[in-house]
Amino acid sequence: MTQDDRPPPFSDFDARLKRLRAGEKGAADEEKEGARSPLNFGSGLQAGIEMIAGVAGGLLLGWALDAWLGTRPLFLIVFFVLGAGAGMLNAFRSLRRLSAEGSKKDPDA
């Protein structure tokens, strides 16, 4: 067996692991200071809820008007489209606002 077939020693692995852990601590410190963009899982969840709420509100309002006036699919379809549009607009505004806040905190973005 030649020298090249042997794996590197554990001391090399330990040195690389220490460098990576030191880099993670630096990234965690930056995140605590707010240097990163505020777009995260919660932002995506908020945008999704905005869209679902708009569609659900439109469907509920359309169904109620159709039941009250006796015009079965007309208002349901109209308010579904309006609710979907309102939900997308609200999600877009929310994400745009969060993105602008992240740009103010991080001038490099």
Side-chain angles (χ1 to χ4, degrees):
M1 216 166 161
T2 64
Q3 189 77 10
D4 295 334
D5 292 339
R6 298 175 68 186
F10 283 112
S11 60
D12 182 43
F13 175 74
D14 289 337
R16 288 187 295 163
L17 187 60
K18 285 180 184 177
R19 281 185 301 198
L20 286 173
R21 285 186 178 162
E24 287 177 4
K25 288 179 184 175
D29 292 340
E30 287 179 6
E31 190 171 320
K32 286 179 185 176
E33 293 172 3
R36 292 191 180 204
S37 175
L39 295 176
N40 54 20
F41 178 74
S43 304
L45 188 64
Q46 180 182 356
I49 289 172
E50 294 273 357
M51 291 183 64
I52 290 172
V55 170
L59 283 173
L60 185 64
L61 188 60
W63 175 79
L65 282 174
D66 278 336
W68 183 46
L69 297 174
T71 56
R72 266 299 166 208
L74 178 66
F75 287 112
L76 184 71
I77 294 170
V78 169
F79 280 98
F80 169 76
V81 171
L82 289 175
M88 283 190 261
L89 184 61
N90 286 338
F92 174 73
R93 286 178 180 165
S94 174
L95 291 174
R96 188 175 60 180
R97 178 179 44 86
L98 287 171
S99 179
E101 287 175 4
S103 296
K104 289 177 185 175
K105 289 181 181 178
D106 188 13
D108 296 333

Please say yes or no: joined through hydrophobic side-chain contacts below 4.5 Å, possibly via intermediate residues, are [X] and [Y] part of one cluster?
| X | Y | result |
| --- | --- | --- |
| L61 | L82 | yes |
| I49 | M88 | no |
| V81 | L74 | no |

Could you tell me whether a side-chain N or O of N90 sits under 3.5 Å from a main-chain N or O of E50, the two making a donor and an acceptor?
no

Are F13 and K18 side-chain neighbours, meaning at least one heavy-atom pair lies under 4.5 Å?
no

Side chains of W68 and L65: closer than 4.5 Å at any heavy-atom pair?
yes

To check you understand the geometry: which heavy-atom pair defines the closest contact between [X] and [Y], and what is its length?
| X | Y | result |
| --- | --- | --- |
| L76 | D66 | N-OD2, 2.8 Å |
| S43 | L95 | O-CD2, 3.9 Å |
| M51 | G87 | CG-O, 3.7 Å |
| A91 | A47 | CB-O, 3.6 Å |

Does atom CZ of F79 have more than 12 heavy-atom neighbours from other groups under 6.0 Å away?
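Yes, the 6.0 Å shell around CZ holds more than 12 heavy atoms from other groups.
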
Between atom CD1 of I77 and atom OG1 of T71, what is the distance when rounded to the nearest 0.5 Å?
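If we round to the nearest 0.5 Å, I77:CD1 and T71:OG1 are 10.5 Å apart.
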
Any residue meeting salt bridge (Lys or Arg N to Asp or Glu O under 4.0 Å) with R97, in chain and number order, not counting sequence neighbours:
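Testing R97 for salt bridge (Lys or Arg N to Asp or Glu O under 4.0 Å), a comparison that skips the adjacent residues, returns E101.
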
